[in-house]
Amino acid sequence: MRTCVRYFLLLSLAIAVVQCQRRRPTKPTPPQRKPHIQKPEPKEPTDFPPVIFGPPSIFPDCPKECFCPPDFPTAIHCENRNLRKIPVIPARTQHLYLQNNFIDEVTEDSFKNASELRWLNLDNNRIKKVERSVLEKLSSLLFLYLGKNNLQEVPGFLPPNLEQLRLCKNQISKIPSGVFNKLEHLSMLDLNHNKLTDGDVGKNIFKGLKNLVQLNLAHNSLKKMPTNVPLNINQLFLDRNNIEDIPSDYFKSLSKLAFLRLNNNLLTDKGVPKNIFNISSLLDLHLAHNKLHNVPIFSHKLEHLYINHNSIAKINGTEICPFPVMAIDWDKEDEQPHLRFLRMDGNAISPPIPLDLIMCFRNLKSIVI
Ligand SMILES: *[C@@H]1O[C@H](CO)[C@@H](O)[C@H](O)[C@H]1NC(C)=O
Ligand SMILES: *[C@@H]1O[C@H](CO)[C@@H](O)[C@H](O)[C@H]1NC(C)=O
Ligand SMILES: *[C@@H]1O[C@H](CO)[C@@H](O)[C@H](O)[C@H]1NC(C)=O
């Protein structure tokens, strides 16, 4: 999933620098060019490497630190340039790439005229705070990526049209109340790898997110399931928390939930009501690295099940089969178990695979025991 973008820098000696970055979501991106190399700025007494300048541009307003693709005038590329400050962004900019720099402030000056900005990538910088005055002006913003920074709370006054908000890998331990209330168009909220506790995700914090599809709260310090998860949620990721139990009616109203990840928690049989994962919309269920002794019941629609690294000593295919084995109609798609992948290594189960399991789950393509 990683693409490597290579930049070759020719200083007095030839030095090749290889930068790896995550693949950007699908959007037209202009062809990358080798940056034109100017002399580094006079040395400052810091540890920061010198700023890498962009090539000469046909646009007079192109910031000198950036690359402004001639055939894609709405995009400005300033990523991987050792920037510590955001340059003044031209008014025509819609797609702005500032990831992988050393930026620690997002100031109003830089964005004064950038009211058309739709896509702002500030991943992997050192940002502690985003001023209200900046976000308020960016009313067209759809994508805001602030992953891997030093934020301690979710920025307030988020633009109301936002569709994707990435805040993973920060130090966030506070969600100001009402901060997500007006974000009706938000489909992806990534708070993975922060310092959130139950108090932060309790009450009605997610309630206004009517169109949220993906909620990622993995790698935080939750002991309970978050409350009032938006009803349209399709993907809920809660891996690497300290969740011990799930309320019995938790998934009742989440009729679109298809991907549920609870790996690396503290779930026990007692904390997991018998029928809790028998959810007819569910396709993918991750329960690895918990404390389960039994395989939970699941619906015949489930395709992938991860129950590896628990304390399961035996698996009874008859008991977990969604239908009585003899009643399964193998000609009818909807009357047979769909399970295709089952991982159950790291338990106390030893081969061979029980015959009743094979009889029921004939659609299994892969099984790890
Ligand atoms: C912003 O736009 C105004 C009005 O179009 C213009 O006068 C000003 O120079 C611009 N500022 C910057 C920093 O581009
Ligand atoms: C799972 O749910 C289905 C449909 O809601 C129900 O018919 C079935 O009995 C449940 N399975 C178990 C083992 O309770
Ligand atoms: C599996 O469960 C069924 C139904 O509860 C039971 O009849 C059967 O003996 C069990 N099989 C094994 C191998 O324990």
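Computed from heavy atoms alone, side chains included, the values below leave out hydrogens, waters and symmetry copies. Residue numbers start at 1 and run along the sequence shown. Read the numbers this way: they start at 1 and go in the same order the structure lists the ligands and their atoms.
Applying the side chain to side chain donor-acceptor pair (under 3.5 Å) test to pairs two or more places apart or on separate chains, those with a residue in residues 340-350 are E303-R340, R343-D345. Every pair passing side chain to side chain donor-acceptor pair (under 3.5 Å) that includes a residue from residues 238-247 is listed here, sequence neighbours excluded: D239-N263.
Atoms of ligand 3 lying under 4.0 Å from at least one heavy atom of N316, given by number and element, are 1 (C), 2 (O), 3 (C), 8 (C), 10 (C), 11 (N), 12 (C), 14 (O).
Residues F298 and F361 bring their aromatic ring centres within 6.0 Å. Checked against the 6.0 Å centroid criterion, the rings of F341 and Y306 qualify as a close aromatic pair.
Pocket lining of ligand 2, defined as residues with a non-hydrogen atom under 4.0 Å away: N275, N278, I297.
Under a 3.5 Å cut-off, the side chain of S281 and the backbone N or O of L257 do form a donor-acceptor pair. In this structure a side-chain-to-backbone donor-acceptor pair under 3.5 Å is missing from N101 to I103.
For a threshold of 3.5 Å applied to N or O pairs, the pair formed by T318 and ligand 3 contains no separation below that value.
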For residues 318-333, run the donor-acceptor check on the side chains, cut-off 3.5 Å, and write out each pair with its distance to 0.1 Å, sequence neighbours left out.
{"unit_1": "T318", "atom_1": "OG1", "unit_2": "D356", "atom_2": "OD2", "d": "3.2"}
{"unit_1": "D329", "atom_1": "OD1", "unit_2": "D331", "atom_2": "N", "d": "2.9"}

